[in-house]
Participant: 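Just passing along the structure, written as structure tokens.
On a predicted model such as this, the values are computed, not experimentally measured, just so you know. Here, residue 1 is the first one in the sequence, and each next residue gets the next number.
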Amino acid sequence: NSQDSNSQPCCYHADGISATSTCAAKGDESIMRVPQECAVPRHASFDALPVCKPQCHNSIGDGSRNNVDVTGCEGCYEGGHCECHVKCKEGYIHLGGGQLGDRTCQEFEDNGHKALSFGKPPICGLPRQPEPCTRDNIPNPDGSLDLTECMGDCKPGEECDGCKITCNTGYVRHQNSEDSGDSEDSGDKIRCILKKRTSGISKCADITKESVCIGEMEDNKPCCWQQGQPNGKCYLIESAEINDPNVKCATTHIPVWEAIPQCVQACREPDEKLDWYDNVEISG
């Protein structure tokens, strides 16, 4: 199976192919016998072999558990062209976990082990809807409002047919009041509107109670409460530490009553026992 320096196959004869050797290059003038066998001038080889690389683990999956739409994340490898893209399903918002958008195959550490993947999956969930306006949150510290005809809750953006307000006995409508309604006797229909919630604290992470967390904002972004063991924890929305699609977040707007009548205490009529009462004409 050998060749000489001129790429001629070597030929062999057991009894000597020449006077001095059993092997000589094909065409050599010293060959005295017909060779028993010559090397084949060609050799078999494979065509270009495929280059195989470690496939990227699809750490995002099909997105069904986290309410995520996933496209183009199969069959990717590090450094190769990949059109992996993730987004929240329609009607859902980004709550936390990994980021939305295009993903590339990289080496990430997971539970102490490094592996090729697309990183953390994003967590998406339904936005929390504002609560309705209720009779209990109508401001009435001095008792000037008569709320006996306000029986139902009211959804934001609606005029509340089930809630009519008049001034209580001993109170009258303030003349400069800009609330709706033609007269205090007929009762006023008030409205429930949404008011933008403002940031009231510096860091969501400083909050230790769920009831406070789901009513606060940080840098105009909602705080979110995630249940855990033994206790839950408050995070800023879109935090990488959030891993539960059922996390509870503050609403960006709060319901408030609008067009509540302003009632002020009425002046009392003069006491009939006063000596001058019979000599005074009173009107209005």
Side-chain angles (χ1 to χ4, degrees), residues 59-71 85-101 103 119-140 147 150-163 189-260:
S59 52
I60 303 171
D62 62 4
S64 58
R65 189 181 76 85
N66 300 326
N67 308 309
V68 174
D69 277 336
V70 183
T71 56
H85 185 83
V86 293
K87 65 179 182 179
C88 292
K89 290 183 180 293
E90 186 174 354
Y92 290 79
I93 62 172
H94 185 211
L95 298 174
Q99 294 299 309
L100 302 178
R103 294 294 190 94
K120 280 187 174 184
I123 305 296
C124 299
L126 290 171
R128 183 171 163 234
Q129 298 301 314
E131 300 292 332
C133 293
T134 65
R135 171 177 168 169
D136 293 337
N137 60 20
I138 295 177
N140 190 24
L147 305 178
C150 184
M151 304 304 295
D153 296 343
C154 186
K155 294 181 179 179
E158 294 182 354
E159 189 174 82
C160 305
D161 293 331
C163 186
K189 293 180 181 179
I190 60 177
R191 295 182 297 276
C192 180
I193 63 171
L194 289 177
K195 182 180 178 182
K196 188 175 178 65
R197 193 190 294 273
T198 57
S199 300
I201 52 99
S202 57
K203 296 291 183 182
C204 298
D206 296 336
I207 302 174
T208 57
K209 292 184 178 180
E210 178 181 357
S211 59
V212 178
C213 178
I214 60 175
E216 289 291 353
M217 306 272 282
E218 178 185 327
D219 295 332
N220 295 317
K221 290 185 177 182
C223 295
C224 300
W225 184 264
Q226 180 168 265
Q227 295 292 350
Q229 297 293 336
N231 300 309
K233 192 170 181 180
C234 190
Y235 297 100
L236 180 65
I237 194 171
E238 299 182 348
S239 169
E241 286 78 13
I242 292 177
N243 55 28
D244 183 0
N246 297 313
V247 65
K248 198 172 183 180
C249 300
T251 57
T252 56
H253 291 74
I254 56 176
V256 294
W257 290 107
E258 185 188 49
I260 296 175

Participant: Check whether any side-chain N or O of Asp244 sits under 3.5 Å from a backbone N or O of Asn246 as a donor-acceptor pair, and report yes or no.
Facilitator: yes

Participant: Taking the side chain as everything from C-beta on, heavy atoms only, tell me whether Pro121 gets closer than 4.5 Å to Val86.
Facilitator: no

Participant: Does Val247 reach the side chain of Ile123, with side-chain heavy atoms less than 4.5 Å apart?
Facilitator: no

Participant: In Å and rounded to the nearest 0.5 Å, what is the NZ to OG distance from Lys120 to Ser59?
Facilitator: 11.5 Å

Participant: Is the closest side-chain heavy-atom distance between Pro245 and Tyr92 below 4.5 Å?
Facilitator: no

Participant: Return the minimal non-hydrogen interatomic distance between Lys209 and Trp225, and the atom names on each side.
Facilitator: C-CZ3, 3.7 Å

Participant: For Pro122 and Arg103, work out which heavy atoms get closest and say how close.
Facilitator: CD-NH2, 3.6 Å

Participant: Taking SG to SG, are Cys224 and Cys249 separated by less than 2.5 Å?
Facilitator: yes

Participant: If every non-hydrogen atom of Ile207 is compared with every non-hydrogen atom of Cys213, which pair is closest and at what distance?
Facilitator: CG2-N, 3.7 Å

Participant: Do Glu131 and Thr251 have side-chain heavy atoms sitting under 4.5 Å apart?
Facilitator: no

Participant: Are any side-chain N or O atoms of Arg128 and backbone N or O atoms of Ile214, one a donor and one an acceptor, separated by less than 3.5 Å?
Facilitator: yes

Participant: For the residue pair Cys154 and Cys192, what are the closest heavy atoms and their distance?
Facilitator: O-SG, 3.5 Å

Participant: Do Pro139 and Ile260 make a side-chain contact, defined as non-hydrogen atoms from C-beta onward lying under 4.5 Å apart?
Facilitator: yes

Participant: Using a 4.5 Å cut-off on heavy atoms from C-beta on, say whether the side chain of Glu210 contacts that of Gln227.
Facilitator: yes

Participant: In Å, rounded to the nearest 0.5 Å, how long is the span from CD of Glu241 to CG of Leu236?
Facilitator: 10.5 Å

Participant: Between His94 and Glu238, what is the shortest heavy-atom contact and its length?
Facilitator: O-CG, 3.6 Å

Participant: Between Cys88 and Cys124, is a disulfide bond (SG atoms under 2.5 Å apart) present by the stated rule, with each step listed?
Facilitator: CA-CA 6 Å; Cys88 292; Cys124 299; 2.0 Å; yes

Participant: Considering all heavy atoms of both residues, which atom of Trp257 and which atom of Ile138 are nearest to each other, and what is their separation?
Facilitator: NE1-CG1, 3.1 Å

Participant: State, yes or no, whether a side-chain contact exists between Ile237 and Cys204 at a heavy-atom distance under 4.5 Å.
Facilitator: no

Participant: Got Lys196 and His253 here, is their nearest side-chain heavy-atom distance under 4.5 Å?
Facilitator: yes

Participant: Once salt bridge (Lys or Arg N to Asp or Glu O under 4.0 Å) is applied, do any residues pair with Lys89, and if so which ones, sequence neighbours excluded?
Facilitator: Asp69

